[in-house]
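Every value quoted in this text rests on a predicted model; they were computed, and no experiment measured them.
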Amino acid sequence: MAGRGGRNDAAIAAALHAVAQAVGQPQVVGAGVNDGVRMLETFLRNHPPTFKGRYDPDGAQSWLKEIERIFRVMDCSEAQMVRFGTHMLADEADDWWVGIRPILEVGEEVITWAVFKREFLNKYFPEDVRGKKEIEFLELKQGDMSVTEYAAKFVELAKFYPHYSADTAEFSKCIKFENGLRPEIKRAIGYQKIREFSDLVSSCRIYEADTKAHYKIMNERKSRSQPSRGKPYSTPADKGKSRVNDERKSVRKVVPNEVVCFNCGEKGHKSNVCDVDAKRCFRCGRKGHMQTECKHSDVVCFNCKEEGHIGSQCTKPKRAQSGGKVFALAGTQTASEDRLIRDFQD
């Protein structure tokens, strides 16, 4: 795998001495080092990563990319590039290079950086991995990515697609990039037929930013224009109770005046809507207490108010009933009723 950092001082000194011998020039004692040594020092000062090998395709690509990035700022020969690059191989990767170098020297006149890169990728970035990267590029879509993220992924994978020719590469990249855009961006940009990749990416990015800003403003206006609505659970606690009371009041209005309440004895309403918390004793017939609270030990006649018998057994004259329970309709209420039995005949 790849890692940052160079070797220790002893290893660097040994490498400098090896380079000096390789270029065929003796070191100048006390007067610095020759050009080859200075080149290696410059290379190492850029902190090139170390690659240790094993199966790490992405790590191999990253290491190769970083090494070549350093070479771009240095005026290295092909031999120096191979020498400096292979100097940063370690462990299994170094063993691989030591083993394959003699084979290459037999078949190749000069081991160039291109030759090393070809063999390196064959070993650590094999064909099956390159095929997967190529398929990933062909199936690439923007999806949830921003235009900037989509463009970066597109460029990263495009280098694994070898079928772009030098003449049509720009045109083909634009067609592929445009085809992978989200539908709303594709509709807005497609008719412009932009065939410069950098211009296409810029236009898509600007459109995306403008669209987001527009929707943000519209949502803010909409939220300000809508009044705040009460929550469904903010209904007053006594709303249901007042509704019941209203229903009871409406029921009272339609009850005939002749109806007598069994609870309080008053006319004009029924006991199920009575508001009076009246108590009536069923032993003596008086209000104000219950049967369990009655002072009489025996039943009391409702007619003469004496103990020991009930009204149906009373021998005294019957009292006129001024009020009480109504068990039948009055005669005025039966005049128009055809369903009542008016007379019984044998």
Side-chain angles (χ1 to χ4, degrees), residues 1-4 49 56-59 61-63 65-66 69 129-161 163-164 168-254 272-273 275:
M1 61 175 39
R4 283 280 184 182
D56 186 11
D58 291 335
Q61 279 284 341
S62 299
W63 177 83
K65 180 179 179 181
E66 184 65 17
R69 185 187 67 83
V129 177
R130 291 197 297 270
K132 291 178 182 178
K133 293 290 184 179
E134 183 175 337
I135 294 174
E136 185 179 357
F137 172 72
L138 293 174
E139 297 178 349
L140 181 63
K141 301 289 183 181
Q142 181 182 1
D144 296 332
M145 293 184 290
S146 66
V147 171
T148 302
E149 293 170 339
Y150 172 54
K153 190 68 174 178
F154 185 94
V155 173
E156 177 187 344
L157 295 175
K159 63 178 178 287
F160 300 111
Y161 189 71
H163 306 292
Y164 286 150
T168 62
E170 196 73 8
F171 175 85
S172 300
K173 286 170 62 177
C174 291
I175 296 298
K176 174 67 179 71
F177 183 85
E178 185 179 301
N179 187 60
L181 290 168
R182 286 198 295 266
E184 65 274 15
I185 302 178
K186 184 179 179 180
R187 285 193 299 268
I189 300 298
Y191 76 94
Q192 301 181 34
K193 296 183 179 180
I194 303 173
R195 296 300 175 251
E196 291 290 335
F197 184 74
S198 58
D199 294 341
L200 178 60
V201 173
S202 297
S203 298
C204 294
R205 180 178 50 80
I206 293 172
Y207 175 81
E208 182 183 52
D210 290 345
T211 303
K212 287 183 179 179
H214 170 74
Y215 280 113
K216 182 179 180 181
I217 294 173
M218 295 299 294
N219 290 334
E220 290 177 352
R221 290 179 179 176
K222 185 177 180 180
S223 61
R224 287 197 299 266
S225 62
Q226 289 182 347
S228 58
R229 298 180 179 178
K231 298 180 179 179
Y233 49 81
S234 61
T235 305
D238 59 345
K239 183 176 181 180
K241 187 183 295 183
S242 63
R243 180 179 178 183
V244 173
N245 293 335
D246 293 341
E247 291 178 353
R248 288 184 177 181
K249 290 179 181 178
S250 62
V251 171
R252 284 188 178 187
K253 291 180 181 179
V254 299
N272 63 334
V273 294
D275 293 332

Exercise for the section: Examine Lys176 relative to Phe171 and say whether NZ or CZ is less than 6.0 Å from the centre of the six-membered ring and inside a 45° cone about the ring axis. Expected result: no

Handout entry: Nearest-0.5 Å distance that lies between atom CD1 in Ile189 and atom SG in Cys204
Key = 4.5 Å

Problem - Full working for side-chain contact (heavy atoms from CB on, under 4.5 Å) between Phe160 and Gln61 - result: CA-CA 11 Å; Phe160 300 111; Gln61 279 284 341; 3.7 Å; yes

Practice task
Could you tell me the separation between the CZ atom of Arg205 and the OG atom of Ser146, rounded to the nearest 0.5 Å?
Solution key: 10.5 Å

Problem - Check: Glu134 and Leu157 side chains under 4.5 Å, non-hydrogen atoms - result: no

Fill in the blank from the handout: Separation between OG (Ser203) and CD (Glu178), nearest 0.5 Å, reads 10.5 Å

Completion exercise
All heavy atoms of Val201 vs all of Ala151, minimum pair found to be CG1-CB, 3.8 Å

Exercise for the section: Verify, without hydrogens or angle tests, whether Lys159 (side chain) and Glu156 (backbone) share a donor-acceptor contact under 3.5 angstrom. Expected result: yes

Exercise for the section: Would you check if the side chain of Glu208 reaches a backbone N or O of Val147 as a donor-acceptor pair within less than 3.5 Å? Expected result: yes

Handout entry: Check: Tyr150 main-chain N/O paired with Gln142 side-chain donor or acceptor under 3.5 Å
Key = no

Handout entry: Arg195 (side chain) donor-acceptor with Leu200 (main chain) under 3.5 angstrom
Key = no

Fill in the blank from the handout: Taken to the nearest 0.5 Å, the spacing of Ile217 CD1 from Lys212 NZ works out to 14.5 Å

Problem - Check: Gly143 main-chain N/O paired with Arg182 side-chain donor or acceptor under 3.5 Å - result: yes

Problem - Distance (rounded to the nearest 0.5 Å) between Glu170 CD and Ile175 CD1 - result: 11.5 Å

Exercise for the section: Please examine the side chains of Lys153 and Glu136, heavy atoms only from C-beta on, and report whether any two atoms are closer than 4.5 Å. Expected result: yes

Practice task
Answer yes or no: is there a side-chain heavy-atom contact under 4.5 Å between Thr211 and Glu184?
Solution key: no

Problem - Side-chain donor/acceptor of Ser223 to backbone N/O of Glu220, under 3.5 Å - result: yes

Practice task
Check the pair Leu181, Lys141 against side-chain contact (heavy atoms from CB on, under 4.5 Å), reporting the backbone distance first and the verdict last.
Solution key: CA-CA 6 Å; Leu181 290 168; Lys141 301 289 183 181; over 6 Å; no

Practice task
Answer yes or no: is there a side-chain heavy-atom contact under 4.5 Å between Phe154 and Lys173?
Solution key: yes

Exercise for the section: Show the numbers, then the answer: is there a side-chain contact (heavy atoms from CB on, under 4.5 Å) between Val155 and Phe197? Expected result: CA-CA 10 Å; Val155 173; Phe197 184 74; 3.9 Å; yes

Problem - SB check Arg69 Glu66 (cutoff 4.0 Å) - result: yes

Practice task
Measure the shortest side-chain to side-chain distance between His214 and Asn219 over non-hydrogen atoms and say whether it is less than 4.5 angstrom.
Solution key: no

Practice task
List the atom of Pro49, the atom of Trp63, and the distance in Å for their closest heavy-atom pair.
Solution key: O-NE1, 2.9 Å

Exercise for the section: Considering non-hydrogen atoms only, spot the tightest contact between Asp58 and Lys133 and give its length. Expected result: OD1-NZ, 3.5 Å

